[in-house]
Amino acid sequence: LAYEFCDRVIVMNDGRIILDGTPSQVYSNVEILKQAYMKSPQVTQLAYNLSDYKVPLSICTVEEFLDMINLKGAK
């Protein structure tokens, strides 16, 4: 929900700010979010697992993922 409705996300862990930025910037930091016991959107985690295939981690919605697949399939 934060991705859809927020312009900025701040993640804190142990009283410190560990991430601060747009939802795409914040949620693409999968490993840092794990330190704060948070998860990225499932589609971002899928992109993270497909990183060997150069899938951008900035993908946070299913629509963005489908757009990326369609663009690659069309070329």
Side-chain angles (χ1 to χ4, degrees):
L1 291 175
Y3 181 80
E4 295 177 30
F5 298 107
C6 298
D7 295 326
R8 181 179 179 196
V9 177
I10 299 171
V11 178
M12 297 183 70
N13 189 24
D14 291 327
R16 295 177 309 144
I17 295 174
I18 59 172
L19 291 170
D20 181 2
T22 66
S24 293
Q25 292 169 333
V26 169
Y27 290 124
S28 65
N29 289 286
V30 176
E31 291 298 323
I32 295 173
L33 288 173
K34 286 180 185 179
Q35 294 173 10
Y37 303 100
M38 293 181 64
K39 290 184 179 180
S40 296
Q42 288 180 336
V43 72
T44 305
Q45 292 178 27
L46 175 62
Y48 178 77
N49 291 333
L50 295 172
S51 62
D52 288 345
Y53 299 99
K54 302 199 182 339
V55 176
L57 292 178
S58 61
I59 293 174
C60 289
T61 67
V62 173
E63 291 80 19
E64 290 173 344
F65 193 84
L66 291 174
D67 286 344
M68 187 269 314
I69 290 171
N70 288 335
L71 289 175
K72 291 199 180 244
K75 293 183 179 180

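Atom CE of residue M38 and atom CE of residue M12 lie 12.0 Å apart, to the nearest 0.5 angstrom. Here the CG-OH distance, from L33 to Y48, works out to 11.0 Å after rounding to the nearest 0.5 Å.
Using a distance-only test at 3.5 Å, with no hydrogens or angles considered, a donor-acceptor pair links the side chain of T44 to the main chain of I59. Side-chain atoms of S40 never come within 3.5 Å of backbone atoms of Q45 as a donor-acceptor pair (strictly under, hydrogens ignored). In this structure a side-chain-to-backbone donor-acceptor pair under 3.5 Å is missing from N29 to L19.
Taking every heavy atom of both residues into account, C6 and P23 meet most closely at O-CG, 3.4 Å. Across every non-hydrogen atom of I18 and N13, the tightest pair is CD1-CB, 3.8 Å.
Contact annotation: the side chain of I32 never approaches that of V26 to less than 4.5 Å [non-hydrogen atoms, C-beta and beyond].
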